[in-house]
Amino acid sequence: MEKLSRRFYARDTKQVALDLLGTYLVRMQNGVRRVGRIVEVEAYLGPHDLAAHSARGRTARTEVMFGQPGHAYVYMIYGMHCCFNVVTERVGHASAVLIRALEPLENVTANTRGPGLLCRALDIDRRLNGADLLGEEISIFADKQAARPMIGRSARIGVAYARHWAARLLRFYVRDSAYLSRRPKDRTE
DNA sequence: TGCACGATGAAC
DNA sequence: TTCATCGTGCAC
């Protein structure tokens, strides 16, 4: 197991999203380690992507998206749930990958099928906004020996307002996982 | 300062 | 299908 490097995150967002499938999200808190395998993600490509928060420009909320890759972008949605993203590409590019579902592996008992639920299960909230994923509190590890998962793709969830960007197949998931946050009719190509 | 609206989840 | 519930961004 190897912690993902800055270089891993500083690449094409779609590629980072695909490569994150099957990796391990590790949350350290009070000496307790919680681990989940990432099985579902969405790519948000930058300010030109009308579904991305950065499409509204640089604001207090999206500041982290415009910063260095390999950092956590955590925001609150619908006034009650947090969503966890990893910042990708170069500084100023403002792209990120939303982590949508995990397979619970270690010290995780709550439901992790959905972006809000996985944050609750791993106690991820806005205190972690801006946290460095190369640090201790929250990080992601890859097992280089592991087989590449079979990947499915679909349109992203809840972005109908984003005009032609809503149809882009930028949601990726491990096809045979039992821990996906269902919803749209999945296409597999 | 006010207001419309979500990268959701759970209940009905 | 509906609703709970509030931070954000933008209009005024």
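Computed from heavy atoms alone, side chains included, the values below leave out hydrogens, waters and symmetry copies. Proteins get letters first, then strands, A, B, ... in listed order; numbering begins at 1 in each.
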A/D19/A/R11 salt bridge by N-O under 4.0 Å criterion: yes
Atom pair distance, as rounded to whole Å: CG in A/L118 and P in B/dG9: 8 Å
Let me know the distance between OH of A/Y44 and C1' of B/dA7, rounded to the nearest Å. 4 Å
So, is A/R126 near the phosphate of C/dT8, with a side-chain N or O under 4.0 Å from OP1 or OP2? yes
Starting the side chain at C-beta, find the nucleotide from B/dG6, C/dC10, C/dG7 nearest to A/R56. C/dC10
In plain terms, say whether A/E63 and A/R58 are close enough for a salt bridge, that is, a side-chain N and a carboxylate O under 4.0 Å apart. yes
Counting only side-chain N and O atoms of A/H81, is one of them less than 4.0 Å from OP1 or OP2 of B/dG9? no
Shortest non-hydrogen contact from A/V108 to A/L122? CG2-CD1, 3.9 Å
Is there a donor-acceptor contact under 3.5 Å linking the side chains of A/S54 and A/T62? no
Please state how far atom CD1 in A/I157 lies from atom P in B/dG9, giving the value in whole angstrom units. 10 Å
Provide the Watson-Crick or G-U wobble partner of C/dA11, both distances under 3.5 Å; none if there is no partner. B/dT1
Could you pick out which residue, A/A51 or A/N111, lies toward the 5' side of DNA chain B when each is mapped onto its nearest nucleotide? A/A51
Using purine N1 to pyrimidine N3 plus N6-O4 or O6-N4 for Watson-Crick, or N1-O2 and O6-N3 for G-U wobble, each under 3.5 Å, what pairs with B/dA7? none
To the nearest Å, give me how far apart CG (A/N129) and C1' (C/dT8) are. 13 Å
Any side-chain N or O of A/R61 less than 4.0 Å from the OP1 or OP2 oxygen of C/dG9? yes
Which nucleotide in the set C/dC10, B/dG9, B/dA7 lies at the smallest distance from any side-chain heavy atom of A/R120? B/dG9
Considering all heavy atoms, the nearest A/E137-A/A131 contact: OE1-CB, 4.5 Å
In Å, rounded to the nearest 0.5 Å, how long is the span from CZ of A/R171 to CG of A/L98? 10.5 Å
OP1, OP2 of C/dG9 versus side-chain N and O of A/T59: anything below 4.0 Å? yes
Here the distance between atom P of B/dA7 and atom CZ of A/R100, to the nearest Å, is 11 Å
A/R156 CZ to B/dT8 C1', straight-line distance once rounded to whole Å: 17 Å
Taking the minimum atom-to-atom distance to the side chain of A/H53, which one of C/dG9, C/dG7, B/dA7 wins? B/dA7
Integer-rounded Å distance: B/dT8 C1' and A/Y161 OH: 13 Å
To the nearest angstrom, how far is A/L50 atom CG from B/dA7 atom C1'? 14 Å
Using a cut-off of strictly less than 4.0 Å, decide whether A/Y75 has a side-chain nitrogen or oxygen near OP1 or OP2 of B/dG6. no
Quick one: which of C/dG9, C/dT5, B/dA7 gets closest to the side chain of A/M80? C/dT5
Counting distance alone, no hydrogens or angles: does the base of C/dA4 have a donor or acceptor under 3.5 Å from a partner atom on the side chain of A/Y78? no
